[in-house]
Structures are given as C-alpha cells and as structure tokens.
Chemist: 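For reference, the structure I am asking about is given below.
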Amino acid sequence: MGYNVGMITGTETQTVWRRARREDLDVLLDIERRSFDVPWTWGEMEEEFQLDYSRPWVAEQDGRVVAFGIHWLIAGESQLADIAVHPDFQRRGLGRRMMDVLLDDARALGMKKMTLEVRAENAAAIDLYLNLGFVETSRRPRYYEDRHDAVLMEISFEK
Ligand SMILES: CC(C)(COP(=O)(O)OP(=O)(O)OC[C@H]1O[C@@H](n2cnc3c(N)ncnc32)[C@H](O)[C@@H]1OP(=O)(O)O)[C@@H](O)C(=O)NCCC(=O)NCCS
C-alpha cells in the first residue's frame, strides 16, 4: 500500500490518517453538506460515534480535517457507509488513499469483503471504486428519493 496509517511525509503536504473523534463532528458535517444534495443530518452523523460497528476515519492536513470515510462492520463484512473529500482538496489522491485506509482496516479486522452502494450518476466515485478493484454486483432501479438508480459494488478479500 502506498501509505502508512499515522504521519506520512509526502513531497509537499503531510497527511495524518486517524480514527475520527466526536470532536470532529462539526467538520465532518461541513464536508458532508458540501458533498451531497441530501447530506446526513447532525443526528445521523453523531450516531456514528456511538455505534460499535461503525469505524469513522479522517485525513488531516496541517491540523485541518479535509476528508473522512466511514465503514461498518456487519456480519463479517465491511460496508462503506460514507466517504467525502472537501471540494477544495479533491483530485489530489485523498479519496483513493482514504479508501485504501478503510480497505486495510477492514482486512486487518478479518472482514471477508467490502460492499458499497453508489448513485449510478456519480461517475467520479464509480471510477474510483473500479480503479480499486470493486466490481458491480447489481443495480437497484429508482432506489433513491429522486428515483435515480443505485449501483451495488463489492471487493472480496478472500483469495
Ligand atoms: C468521490 C471522491 C471521494 C473522490 O475523492 P478525490 O480525492 O477527489 O479522488 P482522488 O483524487 O483520490 O481520485 C481517485 C480516482 O477517483 C476518480 N475520480 C475522482 N474524481 C473524479 C472526477 N471528477 N471525474 C472522474 N473520475 C474521478 C478517478 O478514477 C481518480 O483516479 P485518477 O486521478 O487516476 O483519474 C470525491 O469526489 C467526493 O468527495 N465526492 C463527493 C462525495 C461522494 O460522492 N462520495 C461517494 C459517495 S458513494
């Protein structure tokens, strides 16, 4: 993998990858609201810090949280719950590295696979997941409130 959890020194910016803390809640919500038309509510995001199956992570640059990713550990499988990179910090590799952190976390915890669900029109996210080796397993037509399709994808950790 091209990163280490903890402090890494890149060519220009240092990025710290760490588990999210409840004190990060406001900044997570800020990034969430900038990223989605129907963002999670304060209550939904706050709950992530109480659920024992939820593993929220953040990326921090110069003391500022610039991205987050959350996966859930359910029945031996990891499920990607949410991921977003602050719009000012996109296209710099943070989304891919956050996914690597979550995938490594899931593998280290003995999960069999990671599954996710993404809006069919979210080309950026789908491209990212395909590049990481996820495969499409099915589609749910008109799944979302605005009747857009959901694409279900997964990556297996088993050989
Ligand atoms: C999806 C998201 C997390 C990607 O984060 P990012 O830091 O910008 O992505 P990276 O710089 O790590 O790019 C990794 C890969 O993602 C894909 N990608 C990212 N942005 C893209 C875009 N605007 N168009 C097409 N592909 C894109 C590419 O495959 C890219 O690889 P490449 O740079 O070699 O082409 C980010 O766009 C985001 O936060 N979007 C809003 C929230 C969201 O949609 N989350 C996913 C919900 S399922």
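Numbers here simply count residues along the sequence, with the first being 1. Order of appearance sets the numbers: ligands from 1, and atoms from 1 within every ligand.
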Chemist: Of the protein's non-hydrogen atoms, which lies at the shortest distance from atom 7 (O) of ligand 1, and what is that distance?
Modeler: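 Ranked first by proximity to atom 7 (O) of ligand 1 is Gly95 N, 2.8 Å.
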Chemist: Side chain, backbone, both or neither: which part of Phe68 has a heavy atom under 4.0 Å from ligand 1?
Modeler: neither
Chemist: With respect to Tyr129, determine whether any N or O atom, backbone or side chain, lies less than 3.5 Å from an N or O atom of ligand 1.
Modeler: no
Chemist: Applying side chain to side chain contact (heavy atoms under 4.5 Å, CB included), name anything that partners Phe49, two or more places apart in sequence or on another chain.
Modeler: Ala20, Arg22, Leu25, Leu28, Pro56
Chemist: So, for atom 13 (O) of ligand 1, does the protein have a heavy atom nearer than 4.0 Å?
Modeler: no
Chemist: Should the pair Asp100-Arg97 be classified as a salt bridge under the 4.0 Å nitrogen-to-oxygen rule?
Modeler: no
Chemist: May I ask you to list the atoms of ligand 1 that are less than 4.0 angstrom from any heavy atom of Ile83?
Modeler: 42 (C), 43 (C), 45 (N), 46 (C)
Chemist: Rounded to the nearest 0.5 Å, how far does CG of Asp82 lie from NE2 of His71?
Modeler: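 Nearest 0.5 Å value for the NE2-CG distance: 13.0 Å.
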Chemist: Could you tell me which residues satisfy side-chain hydrogen bond (donor to acceptor under 3.5 Å, both in side chains) with Trp40, sequence neighbours excluded, listed by chain and number?
Modeler: none
Chemist: How close does the nearest protein non-hydrogen atom get to atom 44 (O) of ligand 1, and which residue and atom is it?
Modeler: Asn122 ND2, 2.7 Å
Chemist: Quick one: does Ala123 get an N or O within less than 3.5 Å of an N or O on ligand 1?
Modeler: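 No; every N/O pair is 3.5 Å or more apart.
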Chemist: Output the list of atoms in ligand 1 that are nearer than 4.0 Å to some heavy atom of Arg92, sorted by atom number.
Modeler: 11 (O)
Chemist: Look up atom CD in Glu32 and atom NE2 in His86, then write down how far apart they are to the nearest 0.5 Å.
Modeler: 13.0 Å
Chemist: Can you list the ligand 1 atoms lying under 4.0 Å from a non-hydrogen atom of Gly93?
Modeler: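 Those atoms are 10 (P), 11 (O), 12 (O).
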Chemist: In ligand 1, which numbered atoms sit nearer than 4.0 Å to a non-hydrogen atom of Phe36?
Modeler: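 Ligand 1 atoms under the 4.0 Å threshold to Phe36: 42 (C), 43 (C), 44 (O), 45 (N), 47 (C).
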Chemist: Looking at Arg96 and Arg92, would you say the former's side chain and the latter's main chain have a donor-acceptor pair under 3.5 Å?
Modeler: no
Chemist: Specify the protein heavy atom at minimum distance from atom 25 (C) of ligand 1: its residue, its atom name, and the distance to 0.1 Å.
Modeler: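 Ranking protein heavy atoms by distance from atom 25 (C) of ligand 1, first comes Ala124 CA, 3.8 Å.
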Chemist: Pairs of nitrogen or oxygen atoms closer than 3.5 Å, one from Arg96 and one from ligand 1: do any exist?
Modeler: yes
Chemist: Could you go through the salt bridge (charged side-chain N to carboxylate O under 4.0 Å, His left out) check for Lys113 and Glu158 one step at a time?
Modeler: CA-CA 7 Å; Lys113 59 164 88 164; Glu158 291 174 323; over 6 Å; no
Chemist: Can you confirm whether Asp62 is buried at CG, in the sense that more than 12 heavy atoms of other residues, nucleotides or ligands lie under 6.0 Å from that atom?
Modeler: no
Chemist: Among all protein heavy atoms, pick out the one at the shortest distance from atom 16 (O) of ligand 1; state its residue, atom name and that distance to 0.1 Å.
Modeler: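 Of the protein heavy atoms, Leu128 CB, 3.3 Å lies nearest.
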Chemist: Rounded to the nearest 0.5 Å, what separation is found between the OG atom of Ser138 and the CE atom of Met153?
Modeler: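 Going from OG on Ser138 over to CE on Met153, the span is 11.0 Å.
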Chemist: Considering only NZ, NE, NH1 and NH2 on the basic side and carboxylate oxygens on the acidic side, decide whether Asp146 and Arg119 come within less than 4.0 Å.
Modeler: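 Judged by the 4.0 Å cut-off on N to carboxylate O distance, Asp146 and Arg119 do form a salt bridge.
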Chemist: Protein heavy atom under 4.0 angstrom of atom 2 (C) of ligand 1, is there one?
Modeler: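 Given the 4.0 Å cut-off, atom 2 (C) of ligand 1 does not count as touching protein heavy atoms.
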Chemist: Distance check, rounded to the nearest 0.5 Å: Ser78 atom OG versus Arg55 atom CZ?
Modeler: 10.0 Å
Chemist: Out of Arg119, Gln90, Arg91, Met153, whose heavy atom is nearest to atom 40 (N) of ligand 1?
Modeler: Gln90
Chemist: Identify, for atom 28 (C) of ligand 1, the protein heavy atom at the shortest distance, and state residue, atom and that distance.
Modeler: Asp127 OD2, 3.4 Å
Chemist: Around atom 39 (O) of ligand 1, find the nearest protein heavy atom and jot down its residue, atom name and distance.
Modeler: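 Its nearest protein heavy-atom neighbour is Val85 N, 2.8 Å.
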